[in-house]
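Chain letters run A, B, ... following the sequence lines, proteins first, then strands; residues in each count from 1.
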Amino acid sequence: MALPKSTTFLTHLKTLTNPHCLHRHHTPPPLITLRFLSFATPEEAAAERRRRKRRLRIEPPLSSFHRSQQQSSPPKPNQNPNAPKLPETVAALSGKRLNLHNQILTLVRQNDLEEAALYTRHSVYSNCRPSIFTINAVLTAQLRQSKYSDLLSLHRFITQASIAPNVITYNLLIQTYCDCQRPDNALEQYKLLMDEAPFNPSPATYRILIKGLVDNGKFEKALELKEEMFVKGFNADPVVYSYLMSGFVRNGDSDRVIGLFEELREKLGGGEVVSDGVVYGSLMRGYFIKGMEKEAMEWYNVAVGKNEGLNSGVKMSAIAYNLVLDAFCKNGKFNEALRLFDRMMNEHKPPRRLTVNLGSFNVMVDGYCGESRFEEAIEVFRKMGEYRCNPDALSFNNLIDQLCKNGMLGEAEKLYGEMGEKGVNPDEYTYGVLLDTCFNENRIDDGATYFRKMIDLGLRPNLVVYNRVVDELVKVGKVDEAKSFFDTMVKKLKMDDASYKFMMKALSDVGKLDEMLKIVDEMLDDDGVELSEELQEFVRGELRKEGREEDLAKLMEEKERQKAEAKAKEAEEVEKAKKGATRTAISSLKYFGNKGAEGETPDNTDAVEAEPQVGEEENVEEATAVESNLKEDGVETEARNDGANEQVTA
DNA sequence: ATAGGGTTAG
């Protein structure tokens, strides 16, 4: 007996995933977007984004001399005798401390961040303190891998230990909060820097903070910060303007986009043009939004020149070009895009001048797909090798996704095969798209095979993907196979009531009530899982059909009895062990006496020995980083203030 | 030696 088609699990799930559906009848049922099919957690998605960013950064910067143009901030006079300590200078990195630094850097390079952080903490109370440079290096690595809670925890630790932070430490922390979508905390850190630190923010502080504010929709605040930059004596930064402009483009606020460009031009000396090409893509989009094509094209000619080698001195990096390219693709000017792309490839003269990068190809792939020219999209995708650009998983996924959505699963699978050949690892997203499409095209077994492959590779399918697979298998009557996936995933996923219920119903429908009860049994055994009233009611209902309604109560009673028994036994053990325990406690107290680290919780033996943790215990998993960040953060700010106080009184 | 120079597709 299969589930009636109209009430498949997926439809049910779609209703569940939209909170509005429960109340508002006019809301159309939402679709599960592919985003949900990819990463196990949002943090993993963030980590991947960061890794990719890092990879892209390996390409050499276009003009390294640009860097030297940045003014270094003037030192703040240090009037207050109680003012916080100045951070150490590089001179501190010598001898033993340099040695320590290099050891920790080695750990970071080996990607053993846990060990690196541990070693850093451990050294804080040793006779060889880590310098702020060492700490920053660890924090940087943690940020790159989105280990936010680890980062905040280490930061809190060094603050408590009165190690003076420098601008980079602040910037890292601000970046962290921005990445965690906590712009208010980022602003708090900025304020702290302004009020407490014996140095000024750097131009990078503003870049990081303003980008974070824009990305989090805090436009007004971002504009305020831009103004503060001038107050601090910094020049107008085209990068900051480009962040603001693309934010307003996203928001459809074309007047602001154009206004910002004019302002930048003014600030840079009122010349004809802004010589940094990064702002022109957004400027053009601003005009496109207003339907002012002519103006958009005029600025295009200014930035890029009507003919090759004939522009007004605007420096166009690959990224600046890509923004223009994308502006064309998204505004019905694909032919212009093609022409520009051609030109970019001609100008590309590595290693001196790089005008094409991976992003260029990605933009063009999207451009072709937007025109439904899929064959050519594949063609241009393949072409990137000639320009020493290597597609990453996201590039592959993007194209695979577009092909799948347009009935070209076969082509998509070919590309999937190429990933393997090129040593690009397919990820959760790749498999999510492929199996989803297989199911849509009724290739149920192939879909299930992709799922299995995913597990075999150690990838972590999320609940949405799991639900989809199980749903499809049950639909075609493969309940046992579905159950086997349930068994593997029940340990790995936090299943919700709906997922439990679905599997139970499927088993009940094929008359496997005992297997259904076995699931209940295991749920009762698992302290992390709660058997809700509703689920109990459901189980009773299913049992009732076979006249076995009492079985659930019996099972639950039996479990209660077992638990009580176990408890009694435990109490007995405790009683027995009491005398011995007193002895142990005394000996460990001795141990603590020598350490005497501040802020310790003396009942946490392991932590003190290996890792002198401050404040409450934290066994925060990366998977719950966002939630624990909330927790972390409360303590974080608190600890930071404590630290400041300590510094003042020191 | 430690932040940052920007984009796109999820």
**Complete:** A/D215 CG to B/dT7 P, in whole Å, measures 8 Å

**Request:** Quickly work out the A/H155 NE2 to B/dA3 C1' distance and round it to whole Å.
**Result:** 13 Å

**Message:** The side chain of A/A204 is closest to which nucleotide in this list: B/dG6, B/dA1, B/dA3?
**Reply:** B/dA3

**Fill in**
Against the side chain of A/V363, the closest entry in B/dT2, B/dG6, B/dT8 is B/dT8

**Prompt:** Which part of the nucleic acid does A/L98 contact within heavy-atom distance under 4.0 Å: base, sugar-phosphate only, or nothing?
**Reply:** base

**Request:** Output yes when at least one side-chain N/O atom of A/Q402 is less than 4.0 Å from OP1 or OP2 of B/dA9, else no.
**Result:** no

**Message:** Quick check for you: among B/dA9, B/dG6, B/dA1, whose closest atom lies nearest to any side-chain atom of A/H101?
**Reply:** B/dA1

**Item:** Closest listed nucleotide, where the reference is the side chain of A/N136 and the choices are B/dT2, B/dG6, B/dT8
**Value:** B/dT2

**Asked** Would you call the rings of A/F451 and A/Y466 parallel, tilted or perpendicular, where under 30° means parallel and over 60° means perpendicular?
**Response** tilted

**Prompt:** Do A/N467 side-chain atoms and A/L463 backbone N/O form a donor-acceptor pair below 3.5 Å?
**Reply:** yes

**Message:** In this structure, how many angstroms lie between the C1' atom of B/dG4 and the CZ atom of A/F234, rounded?
**Reply:** 13 Å

**Request:** Compare the minimum distances between each of B/dA1, B/dA9, B/dT7 and the side chain of A/N362, then state the nucleotide with the smallest one.
**Result:** B/dA9

**Asked** What's the CG-P distance between A/L358 and B/dT8, to the nearest Å?
**Response** 13 Å

**Identified side chain to side chain contact (heavy atoms under 4.5 Å, CB included) partner of A/Y431 from the options A/D436, A/L457, A/V465** = A/L457

**Distance below 4.0 Å between A/K211 side-chain N/O and B/dT7 OP1 or OP2** = yes

**Request:** Nearest whole angstrom, please: distance from the C1' of B/dT7 to the OH of A/Y280.
**Result:** 17 Å

**Interatomic distance where CZ belongs to A/F396 and C1' belongs to B/dT8 [whole Å]** = 17 Å

**Message:** From C-beta outward on A/N357, which listed nucleotide comes closest to its side chain: B/dT7, B/dG4, B/dT8?
**Reply:** B/dT7

**Asked** Among all residues two or more places apart in sequence or in another chain, which pass the side-chain hydrogen bond (donor to acceptor under 3.5 Å, both in side chains) test with A/E371?
**Response** none

**Fill in**
Of the listed B/dG5, B/dA1, B/dT2, the closest approach to the A/R207 side chain comes from B/dG5

**Asked** At under 4.0 Å, does any side-chain N or O of A/Y243 touch on OP1 or OP2 of B/dG5?
**Response** yes

**Prompt:** Salt bridge between A/D150 and A/K147, side-chain N to carboxylate O under 4.0 Å?
**Reply:** no

**Message:** Can you identify which nucleotide, out of B/dG6, B/dA9, B/dT2, has its nearest atom closest to the A/V239 side chain?
**Reply:** B/dG6

**Request:** Write down the distance between OH (A/Y206) and P (B/dG4), rounded to a whole number of angstrom.
**Result:** 18 Å

**Complete:** When rounded to whole Å, the CZ to C1' distance for the pair A/R285 and B/dT7 reads 10 Å

**Asked** Is the base of B/dA3 touched by the side chain of A/N171 through a donor-acceptor pair closer than 3.5 angstrom?
**Response** yes

**Option among A/E413, A/E411, A/E418, A/M419 that satisfies the side chain to side chain contact (heavy atoms under 4.5 Å, CB included) test with A/L415** = A/E418

**Message:** Under 4.0 Å, heavy atoms only, any strand: does A/L172 hit a base, just the sugar-phosphate, or nothing?
**Reply:** sugar-phosphate

**Request:** Look at the side chain of A/L93 and decide which nucleotide, out of B/dA1, B/dG4, B/dA9, has an atom nearest to it.
**Result:** B/dA1

**Side chain A/D326 and base B/dT8 donor-acceptor under 3.5 Å** = no

**Message:** Using the side-chain heavy atoms of A/A137, tell me which of these nucleotides is nearest: B/dA1, B/dG5, B/dT2.
**Reply:** B/dT2

